[in-house]
K.L.:
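Could you have a look at this structure, given as structure tokens, before my questions?
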Amino acid sequence: VGGPAMQTSQKDFNNAVSQLKLLKEDPGNEVKLKLYALYKQATEGPCNVPKPGMLDFINKTKWDAWNALGSLSKEAARQNYVDLVSKLSASSESPSPEAPAADRKQPESDSLVVTSGDGITTIRLNRPTKKNALTTQMYHDIIAALQAASKDESPITVLTGSGDYFCSGNDLTNFTSLPAGGPEEMARSSAVLLRDFVNCFIDFPKPLVAVVNGPAVGISVTILGLFDVVYATDRATFHTPFSHLGQSPEGCSSYTFPKIMGSSKAAEMLLFGKKLTAQEACAQGLVTEVFPDSTFQKEVWARLKAYSKLPPNAMRISKQIIRDREKEKLHAVNAEESNVLRERWLSDECMNAIASFLSRKSKL
Ligand SMILES: CCCCC/C=C/CC(=O)SCCNC(=O)CCNC(=O)[C@H](O)C(C)(C)COP(=O)(O)OP(=O)(O)OC[C@H]1O[C@@H](n2cnc3c(N)ncnc32)[C@H](O)[C@@H]1OP(=O)(O)O
């Protein structure tokens, strides 16, 4: 009888453990000690290991905190742990008064161009000489653009690219300028940015359409599973070379891809990096419709203009009904994928792959 409830609680606990690693701010030693004690109590039960010696300061403090929980049950410790992490996450999510994210309405560089007209807000990746590879600034700008678009007048929002590529994925030079905290800090802050970026797609409240104007690589492919409609030119290809790069899936693709195309087709893409043509991606359900390149822009925009005249509230509400029951799951998947990638980015496999690309020894 208690089975399912206990299972849920264990799952919440596991999610909280993952979520904790992605906190934007250090919660401070006192809270960390509390979390440590609750974690030990939740996983091992009451403290019954010998007390560390007087001079072993750190371990003695940790032991004291754990021991202070006395005979608190594992379930109660798990619950307290989950509550504390969720409180910490909520306060670290709230925008800082100096720089509220929602106020960053205009992109800070020319690499992203946002326009509105004919009932459509278009977010255009605009770094064609680098195949629209996503810089750290572009992730921030896309987050801000999606937040602004979610509240603007346009019934439909589109993501597309300038030039011959849709997007070549994460700019691999993002990982080369190390912050003062070294590789660990770089991996931590990248995981937080990745999670925030993908969350914006999960939560986007209006019809979101990808106009895939050319080849797509990496994260620009995985997020397509979070779009409502994906139109592609027949020149487009879809490539997720995560294993080649020593990395692992993101953008919720570990969940959305098997759901969209079945687990073995998803595995071929996500584990082996099989590149799909536009027709293949359409046959597998990742792409809604493929258009000849010569008429792509004309046909797609004409169709979107017509759709944008439909009643906007009906479209929003229909999207809500279709998507809302999945949201919680998607957020949990996103947190887990970001966490796993944080570790991957510090691996030799990943560092070697990036070094190899940068020294131009490899190209996908
Ligand atoms: C907050 C962090 C979140 C991180 C989320 C993680 C995401 C994972 C991914 O997205 S994995 C995918 C990463 N992308 C790649 O590995 C692609 C690398 N690029 C290539 O293999 C090729 O450039 C190509 C196949 C996309 C295009 O080849 P082509 O021969 O047509 O063109 P060039 O190679 O000459 O490219 C033109 C210039 O653009 C630069 N460039 C292209 N893609 C990237 C990239 N992803 N990162 C950095 N730079 C890129 C390329 O170096 C050329 O620059 P140059 O003219 O100065 O030499």
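Only a predicted model underlies this, so the values are computations on that prediction, with no experimental measurement involved. Each ligand, and each atom within it, is numbered from 1 in the order the structure gives.
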K.L.:
Can you confirm, on distance only, whether ligand 1 has an N/O atom lying under 3.5 Å from any N/O atom belonging to Ser168?
P.N.:
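Yes, Ser168 has an N/O under 3.5 Å of an N/O on ligand 1.
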K.L.:
Quick check: Lys130 and ligand 1, any N/O pair under 3.5 Å apart?
P.N.:
yes
K.L.:
Say you draw a straight line from CD of Glu75 to CD of Gln10; how long is it, rounded to the nearest 0.5 Å?
P.N.:
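Glu75 atom CD to Gln10 atom CD measures 9.5 Å (nearest 0.5 Å).
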K.L.:
Hey, are Asp83 and Gln79 close enough side-chain-wise for a donor-acceptor pair under 3.5 Å?
P.N.:
yes
K.L.:
Using heavy atoms and a threshold below 4.0 Å, how should the contact between Thr129 and ligand 1 be classified: side chain, backbone, both, or neither?
P.N.:
backbone
K.L.:
What atoms of ligand 1 come within less than 4.0 Å of a heavy atom belonging to Trp345?
P.N.:
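Contacts of ligand 1 toward Trp345, numbered from 1: 4 (C).
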K.L.:
Specify side chain, backbone, both or neither for Phe197, according to which of its non-hydrogen atoms lie closer than 4.0 Å to ligand 1.
P.N.:
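Near ligand 1, Phe197 shows nothing, with every heavy atom at 4.0 Å or more.
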K.L.:
Suppose I only count heavy atoms of Gly169 and a 4.0 Å limit; which atoms of ligand 1 are within that range?
P.N.:
10 (O)
K.L.:
May I ask you to check whether Gln247 has an N/O atom sitting below 3.5 Å from an N/O atom of ligand 1?
P.N.:
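No, no N or O pair falls under 3.5 Å.
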K.L.:
If every non-hydrogen atom of Ser248 is compared with every non-hydrogen atom of Arg344, which pair is closest and at what distance?
P.N.:
OG-CG, 3.6 Å
K.L.:
Looking only at non-hydrogen atoms, find the nearest pair between Asn213 and Arg235 and report the distance.
P.N.:
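Minimum heavy-atom contact is O-NH2, 2.7 Å.
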K.L.:
Hey, can you pull the donor-acceptor pairs under 3.5 Å for the side chains in residues 181-190, sequence neighbours left out?
P.N.:
unit_1	atom_1	unit_2	atom_2	d
Glu185	OE1	Arg188	NE	3.2
Glu185	OE2	Arg188	NH2	3.3
Arg188	NH1	Leu23	O	2.9
Ser189	OG	Glu185	O	3.0
Ser189	OG	Met186	O	3.3
Ser190	OG	Met186	O	2.7

K.L.:
Using a strict 4.0 Å cut-off to heavy atoms of Lys131, name the atoms of ligand 1 that fall inside it.
P.N.:
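That gives atoms 31 (O), 32 (O), 36 (O), 37 (C), 42 (C) of ligand 1.
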K.L.:
Quick check: closest heavy atoms across Val85 and Ala16, and the distance to 0.1 Å?
P.N.:
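Looking at all heavy atoms of both residues, the closest pair is CG1-O, 3.6 Å.
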K.L.:
Check ligand 1 against Ser190 and write out every atom of the ligand that is under 4.0 Å from a heavy-atom position of the residue.
P.N.:
1 (C)
K.L.:
Which atoms form the tightest heavy-atom contact between Gly70 and Pro46, and what is the distance?
P.N.:
O-CB, 3.4 Å
K.L.:
What atoms of ligand 1 come within less than 4.0 Å of a heavy atom belonging to Ala133?
P.N.:
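Per the distance check, 44 (C), 45 (C), 46 (N), 47 (N).
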K.L.:
Please compare Leu194, Thr240, Asn170, Thr135 and report which has the shortest non-hydrogen distance to atom 13 (C) of ligand 1.
P.N.:
Asn170
K.L.:
If every non-hydrogen atom of Gly225 is compared with every non-hydrogen atom of Ile260, which pair is closest and at what distance?
P.N.:
CA-CD1, 3.9 Å
K.L.:
Test your reading of the structure: does Leu193 have an N or O sitting under 3.5 Å from an N or O of ligand 1?
P.N.:
no
K.L.:
Please could you name the atoms of ligand 1 that Tyr165 approaches to less than 4.0 Å, counting only its heavy atoms?
P.N.:
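Within the 4.0 Å cut-off of Tyr165, ligand 1 contributes 24 (C), 25 (C), 26 (C), 27 (C).
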K.L.:
Taking distance alone, with N or O pairs closer than 3.5 Å, would you say Gly218 contacts ligand 1?
P.N.:
no
K.L.:
Quick one: which of Glu250, His244, Arg127, His140 has a heavy atom closest to atom 6 (C) of ligand 1?
P.N.:
Glu250
K.L.:
Regarding Asp110 and Asn126, is there a side-chain donor-to-acceptor distance under 3.5 Å anywhere?
P.N.:
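Not at all, the side chains of Asp110 and Asn126 share no donor-acceptor pair under 3.5 Å.
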K.L.:
Name all pairs fulfilling the salt bridge (Lys or Arg N to Asp or Glu O under 4.0 Å) condition that reach into residues 206-230, sequence neighbours left out, sorted by first residue then second.
P.N.:
Asp152-Lys206, Asp228-Lys319, Asp228-Arg323
